Amino acid sequence: MKLDSMYQEIILDHYRNPHGKGLRDGDAEVHHVNPTCGDEITLRVKLDGAVVEDVSYESQGCSISQASASVLNDLVVGKTVGEAQQVQEAFLELMQSKGQSEGDEEILEDAVAFAGVSKYPARVKCALLGWMAWKDATAKALAGHPEITTD
Amino acid sequence: MKLDSMYQEIILDHYRNPHGKGLRDGDAEVHHVNPTCGDEITLRVKLDGAVVEDVSYESQGCSISQASASVLNDLVVGKTVGEAQQVQEAFLELMQSKGQSEGDEEILEDAVAFAGVSKYPARVKCALLGWMAWKDATAKALAGHPEITTD
Amino acid sequence: MTYSHLTGLLDTDAIRKDFPVLSRVLHDGKPLVYLDNAATSQKPRQVLEALNAYYEQHNSNVHRGVHVLAEEATALYEGARDKVAAFINAPSRNEVIFTKNASESLNLVANMLGWADEPYRVDADSEIVITEMEHHSNIVPWQLLAQRTGAKLKWFGLTDEGRLDLSNIDELITEKTKIVSVTLVSNLLGTVNPVETIVRKAQSVGALVAIDASQAAPHAALDVQALEADFVAFTGHKMLAPTGIGVLWGRQELLEDLPPFLGGGEMIETVTMGSSTYAPAPHKFEAGTPPIAQAIGLGAAIDYLSAIGMDKVAAHEHAITAYAIERLAEVPDLRIIGPRTAVDRGAAISFTLGDIHPHDVGQVLDEQGIAVRVGHHCARPVCLRYGIPATTRASFYLYSTPGEVDALIDGLHHVRNFFA
Amino acid sequence: MTYSHLTGLLDTDAIRKDFPVLSRVLHDGKPLVYLDNAATSQKPRQVLEALNAYYEQHNSNVHRGVHVLAEEATALYEGARDKVAAFINAPSRNEVIFTKNASESLNLVANMLGWADEPYRVDADSEIVITEMEHHSNIVPWQLLAQRTGAKLKWFGLTDEGRLDLSNIDELITEKTKIVSVTLVSNLLGTVNPVETIVRKAQSVGALVAIDASQAAPHAALDVQALEADFVAFTGHKMLAPTGIGVLWGRQELLEDLPPFLGGGEMIETVTMGSSTYAPAPHKFEAGTPPIAQAIGLGAAIDYLSAIGMDKVAAHEHAITAYAIERLAEVPDLRIIGPRTAVDRGAAISFTLGDIHPHDVGQVLDEQGIAVRVGHHCARPVCLRYGIPATTRASFYLYSTPGEVDALIDGLHHVRNFFA
Ligand SMILES: Cc1ncc(COP(=O)(O)O)c(C=O)c1O
Ligand SMILES: Cc1ncc(COP(=O)(O)O)c(C=O)c1O
């Protein structure tokens with residue numbers, strides 16, 4: 001069934017048991033909304049030097065947006081900001097691939113499960129909600145720490 | 001040819017030699033415009049008691065609107081306001097008949113020549129321009145002479 | 001299944017043949033079950049034929065031509081105005097303004113009042129009253145007007161049952177109220193509102209009333225004289241007509257007194273570089289080349305609906321809605337947001353399904369060929385009011401069948417299993 | 001007749017087969033000679049097929065659905081935006097706003113500037129500059145803005161040859177100027193304006209420039225980046241597309257900074273009863289259900305034009321226009337209002353014929369199957385400028401033939417005899 005390509009078991013697992021959910025201490029906070037469906041996320045980034053120490057979030061939305069925030073937490077926490085940004089870019093590219101890419105499992109790990117979502121234009125924004133919020137929050141956090149360089 | 005039903009010889013004659021054209025003394029003046037085509041008329045009515053003493057006008061427009069003002073002059077000058085209003089109403093009715101009426105020659109005289117125009121919706125307003133201006137100017141003139149009754 | 005207990009059903013077998021899209025088959029053999037009618041309706045062949053005939057034979061700009069095509073196009077366009085006037089029982093065809101959609105119609109009212117002279121002018125001393133169940137298109141124009149004029153925006157709240165809470169009507173509608181704008185039928189809750197009460201109160205304080213009939217005009221007879229409102233707005237695409245056409249009906253005296261909104265060709269009497277005068281209504285409010293073909297399509301849609309009869313359409317939808325409410329009660333964890341009876345209720349039913357997000361509900365239904373809408377349905381304050389992020393909404397029309405209701409129920413059971 | 005001296009003609013035999021209306025026969029056997037293209041164009045079968053395919057297979061409301069039809073409709077609608085963006089060489093698809101017509105596009109600009117913050121806000125200290133050859137749709141919105149804000153409206157005059165008089169440009173465009181709005185091609189005179197000069201001057205004083213490309217986009221390649229203006233407006237129905245669709249292109253930074261105009265569904269980010277935030281452009285400016293089918297139709301029209309090539313369309317029209325100007329010179333008492341050469345000139349030719357009123361000219365031509373437009377063509381100030389009440393206007397498009405020019409000339413001789 002085509003639907004299974006979107007709702008991979010990994011996605012449903014993350015949806016049922018989201019990793020790192022809840023708001024904790026952070027250096028920057030953003031609130032993002034998907035205007036077309038009303039999904040929302042409040043997300044905080046905490047940096048430890050150039051390393052992403054924590055990504056905490058409260059969100060409300062569909063399984064795809066929930067699972068994607070959970071996978072985000074898995075993938076970026078503990079990485080340097082520079083590494084995490086590469087993951088974010090790889091994920092964005094995968095989501096914009098309209099089902100044409102399978103994603104690089106080396107970089108994206110569990111997140112390759114979202115490849116099927118990229119075939120559903122209306123859901124791509126759901127999958128990206130948390131990642132865009134993270135990108136934005138990280139930029140904010142970095143702005144407060146001009147000493148950190150990411151490249 | 002269908003066109004001949006609109007451009008009756010009588011209409012073309014009035015167009016070439018309009019009766020009563022030019023602005024003379026009056027009790028009331030109005031300026032009417034056909035917004036869809038820009039035809040314009042300035043028209044004055046002079047009453048002598050309850051009698052239409054003069055209808056004078058300056059106008060710019062097509063053969064139909066010119067001829068119709070000329071015929072108007074012929075038909076209403078010398079009549080009482082009440083009689084003239086009947087003519088105006090009969091002409092209005094003819095123009096709204098969509099080619100279904102031939103017009104009452106007793107009342108409308110030369111103006112029955114406009115029966116063919118009523119088949120052309122875009123031109124009905126041309127034919128009515130002068131008559132509507134006359135109606136309006138007469139109402140104004142009467143407003144200034146409350147002693148005149150028309151029924 | 002037999003549906004012999006349902007009364008007032010239309011002959012949907014015949015009707016559905018008129019709607020080409022309804023025979024579409026999706027996802028390897030699933031017939032389309034289109035339950036997204038509150039978002040937009042499908043179009044019958046008769047409407048498409050009217051469009052094609054217009055473009056293939058009569059297409060021309062209107063009003064200013066003396067050639068045959070221009071006369072034909074004008075007669076068709078103005079003929080559509082006559083049809084709309086008759087359909088809503090307008091006292092005069094000149095009260096029918098063509099817009100591009102209901103949103104433009106409502107913005108037109110708000111802007112006219114912002115630029116009007118007294119007594120209509122909305123200014124810093126004025127109050128505007130709406131309700132918490134309005135579509136964004138009947139909220140944002142008033143927020144913009146309030147921001148721009150300094151007027152105060154107030155609103156009726158909602159009861160737990162999904163109806164208007166009129167208990168504080170005397171505090172809401174006061175001598176300061178210039179305009180009350182309220183929907184006749186909620187697109188999210190399905191509620192049919194008691195607008196007479198609001199109209200009477202507004203009249204008593206000299207306020208104008210605008211009615212958003214976007215979810216009403218497609219589904220039941222609409223009589224603007226009986227409503228006694230001042231403005232009524234609706235949109236063509238929800239009533240079998242093309243996209244790109246809306247209607248604003250307004251009382252003649254008001255349309256005469258109020259200023260224009262958009263300026264341009266067609267809406268003028270005479271123009272000089274220094275100043276212009278305006279044509280009488282409705283043209284005063286129709287700047288530029290109008291949606292000619294779309295108005296003609298709306299006329300054809302009205303012919304189609306009228307041939308069936310709006311009372312019959314309403315009876316059909318009532319039967320389907322009652323049946324759907326009954327059957328939805330079978331689905332565990334399903335909560336209807338809005339009235340749980342078919343009384344004073346339109347054919348849109350919103351619900352939540354446990355904690356499965358509506359997006360996921362909609363996606364899994366789609367896989368079975370069932371098209372519903374999910375989200376806040378452009379009525380986010382209603383979601384906030386009921387403490388939910390979004391709903392799934394199934395909405396019916398004259399071609400909807402009890403079998404489609406059954407398909408929805410089966411689909412919802414499948415959704416529950418999928419996410420169990 | 002042979003037309004071998006005309007170069008650059010398109011294969012109109014083939015093209016005309018795509019336009020059903022062009023084979024219409026009027027008044028007992030007269031083939032339609034459609035020379036009213038500046039008012040509206042005819043539609044090729046390819047555009048009608050796109051409309052029918054949309055309504056018969058994909059019709060749905062856009063943007064908010066997860067079901068198949070909603071995704072297809074959204075992809076088609078947003079795909080049309082991509083086509084428009086490519087057609088006008090827009091730097092970003094997000095700069096393309098769909099409206100109902102060019103008039104709405106121009107009113108949108110005027111209203112945005114009226115409600116904007118500094119530095120864009122038009123207020124009592126501001127000046128607005130237009131020209132005497134504008135269409136009413138590019139005059140009245142600015143008159144309304146001037147009235148409502150107290151700003152001063154100024155305009156470029158015209159030379160006797162029907163061109164813009166730029167001699168006083170330094171007095172007209174000054175530090176006080178907030179916006180200059182000018183047509184690229186006049187719908188009455190046919191003049192193609194040297195907008196670069198105006199853009200350069202406006203840039204030097206920090207004023208914005210809006211270009212009315214309604215008579216340009218259909219007829220030649222349009223490159224908004226080369227124009228260097230801030231806004232460009234045009235209308236679908238004049239370029240083979242359905243009625244009910246227009247475009248406003250605007251520079252991204254401006255669209256981000258400027259406030260919305262119409263409020264409603266689709267243009268919001270989040271709504272509470274108290275206040276709303278808005279979606280990014282272009283959606284910020286597209287309140288309500290957009291003209292979905294019409295945008296898709298515009299996309300199909302653009303495909304059609306692009307397959308032929310806009311340069312070829314322009315060359316064809318240039319040849320026809322030059323030929324028409326040459327042949328009109330044969331008609332006694334005929335006076336062209338506008339440039340009497342085909343240089344910097346579009347394919348609309350206005351003229352007077354002795355003292356025969358244009359209405360009468362048009363009527364008698366119509367009887368021969370020839371459709372021209374008569375009147376002030378929504379550009380009454382031009383008529384005032386040249387001391388005439390109205391003109392007769394013949395206007396050509398990619399399907400116009402030299403034979404149709406000949407028919408016009410014969411028709412005009414007949415008109416003269418008729419009223420002799
Ligand atoms: C130069 C010009 N500007 C604006 C318009 C207005 O276009 P629309 O009527 O489609 O709004 C037209 C056509 O009528 C035009 O020729
Ligand atoms: C109640 C209500 N009002 C207004 C609208 C706006 O209609 P449109 O989007 O056609 O402008 C809608 C539909 O979306 C609606 O349901």
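Small disclaimer: the values here were computed from a predicted structure and weren't measured. The chains referred to below are lettered A, B, ... by the order of the sequence lines, with proteins before strands, and numbering in each begins at 1.
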Step by step, work out the side chain to side chain contact (heavy atoms under 4.5 Å, CB included) result for C:Glu132 and C:Arg385. CA-CA 8 Å; C:Glu132 204 175 0; C:Arg385 164 67 179 81; 3.5 Å; yes

Start with the C-alpha distance between C:Phe156 and C:Val129, add both sets of side-chain angles, then the distance that settles side chain to side chain contact (heavy atoms under 4.5 Å, CB included), and finish with yes or no. CA-CA 8 Å; C:Phe156 286 96; C:Val129 178; 3.7 Å; yes

Would D:Val271 and C:Ile139 satisfy side chain to side chain contact (heavy atoms under 4.5 Å, CB included), going step by step from the backbone distance to the final call? CA-CA 9 Å; D:Val271 173; C:Ile139 297 176; 4.2 Å; yes

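Nearest heavy atoms, D:Arg393 versus D:Ala38: CZ-CB, 3.5 Å. Taking both residues in full, the closest heavy atoms of C:Leu188 and C:Cys383 are given as CD1-SG, 4.1 Å, listed atom of the first, atom of the second, then distance. Of all heavy-atom pairs spanning D:Gly265 and C:Cys378, the tightest one is CA-SG, 3.8 Å. Closest approach of C:Pro141 to C:Ala110, counting heavy atoms only: O-CB, 4.0 Å. The minimum heavy-atom distance linking D:Ser103 with D:Ser137 is given by the pair OG-OG, 2.7 Å. Here the closest heavy-atom approach between residue D:Gly264 and residue D:Ala287 is recorded as N-CB, 3.9 Å.
For chain D, the nearby part of C:Ser41 is the backbone; its heavy atoms alone come within less than 4.5 Å. In this structure, chain D has heavy atoms under 4.5 Å from both the backbone and the side chain of C:Phe261. In this structure, the portion of D:Ile130 lying under 4.5 Å from any heavy atom of chain C is its side chain and not its backbone. Heavy atoms closer than 4.5 Å to chain D are found in the side chain of C:Leu26, but not in its backbone. Residue contact with chain D, scored on non-hydrogen atoms closer than 4.5 Å, involves the backbone and the side chain of C:Gln42 alike. Neither the backbone nor the side chain of C:Pro358 has a heavy atom closer than 4.5 Å to any heavy atom of chain D. Residue C:Gln368: no heavy atom, backbone or side chain, is found under 4.5 Å from chain D. Interface residue D:Thr131: only backbone heavy atoms are found under 4.5 Å from chain C. Both the backbone and the side chain of D:Ile292 come within contact range of chain C, each with at least one heavy atom under 4.5 Å from a heavy atom of that chain. For a residue to count as touching a neighbouring chain, one of its non-hydrogen atoms must lie under 4.5 Å from one of that chain's; by this rule D:Ser275 touches chain C with the backbone only. In this structure, the portion of D:Val62 lying under 4.5 Å from any heavy atom of chain C is its backbone and not its side chain. Residue C:Thr392 does not touch chain D at all, counting heavy-atom pairs closer than 4.5 Å. Residue contact with chain D, scored on non-hydrogen atoms closer than 4.5 Å, is absent for C:Val25. With a threshold of 4.5 angstrom between heavy atoms, C:Val372 approaches chain D through N, CA, C or O but not through any side-chain atom. Contacts of C:Leu262 with chain D are made by both backbone and side-chain atoms, with heavy-atom separations under 4.5 Å. With a threshold of 4.5 angstrom between heavy atoms, D:Leu108 does not approach chain C through any atom at all.
Your options are C:Lys238, C:His377, C:Glu72, and the one with the most heavy-atom pairs under 4.5 Å with chain D is C:Glu72. In terms of non-hydrogen atom pairs under 4.5 Å with chain C, the most contact-rich of D:Val140, D:Asn138, D:Asn61 is D:Asn61. The residue among C:Glu56, C:Arg373, C:His359 with the most heavy atom pairs within less than 4.5 Å of chain D is C:Arg373. Interface remark: of the candidates C:Pro290, C:Ala295, C:Gly274, C:Gly274 forms the most heavy-atom pairs closer than 4.5 Å to chain D. If you tally non-hydrogen atom pairs under 4.5 Å between each of C:Asp366, C:Val47, C:Thr243 and chain D, the highest count goes to C:Thr243. Among D:Leu51, D:Leu384, D:Leu69, the residue making the largest number of heavy-atom pairs under 4.5 Å with chain C is D:Leu69. In terms of heavy-atom pairs under 4.5 Å with chain C, the best-connected choice from D:Thr272, D:Leu144, D:Thr289 is D:Thr289. Contacts with chain C were tallied for D:Glu104, D:His27, D:Arg45, D:Glu266; D:Glu104 has the most, counting heavy-atom pairs under 4.5 Å. In terms of non-hydrogen atom pairs under 4.5 Å with chain C, the most contact-rich of D:Pro259, D:Pro242, D:Gly375 is D:Pro242. Listed options C:Lys43, C:Lys100, C:Gln143 were ranked by heavy-atom pairs under 4.5 angstrom with chain D; first place goes to C:Gln143. Contacts with chain D were tallied for C:Met273, C:Gln57, C:Gln363; C:Met273 has the most, counting heavy-atom pairs under 4.5 Å. Contact count versus chain C (heavy atoms, under 4.5 Å) is highest, among D:His237, D:Gln147, D:His135, for D:His237.
For D:His376 and D:His136, the ring centers sit closer than 6.0 Å to each other. For C:Tyr77 and C:Phe98, the ring centers are positioned less than 6.0 Å apart.
For the pair D:Asn101 and D:Phe234, the minimum side-chain heavy-atom distance is 4.5 Å or more. Between D:Met112 and D:Phe285, some side-chain heavy-atom pair lies under the 4.5 Å cut-off. Between D:Arg148 and C:Trp115, the closest side-chain pair of non-hydrogen atoms falls below 4.5 Å.
Among residues two or more places apart in sequence or in another chain, the side-chain contact (heavy atoms from CB on, under 4.5 Å) test is passed with D:Thr149 by D:Val122, D:Leu145, D:Ala151. Considering only residues two or more places apart in sequence or on other chains, D:Pro291 meets the side-chain contact (heavy atoms from CB on, under 4.5 Å) condition with D:Ile245, D:Gln294.
In this model, no donor atom of one side chain and acceptor atom of the other lie less than 3.5 Å apart for C:Thr277 and C:Thr270. With hydrogens and angles left out, the side-chain atoms of C:Thr99 and C:Ser105 include a donor and acceptor closer than 3.5 Å.
The closest donor-acceptor contact from the side chain of C:Thr74 to the backbone of C:His63 lies under 3.5 Å.
Within the structure, the ring pair (Phe, Tyr, Trp, His ring centres under 6.0 Å) test picks out no pair touching residues 36-58 of chain C (sequence neighbours left out).
Against chain D, the residues from residues 30-37 of chain C that qualify, each with a non-hydrogen atom under 4.5 angstrom away, are C:Leu32, C:Tyr34, C:Asp36 in number order.
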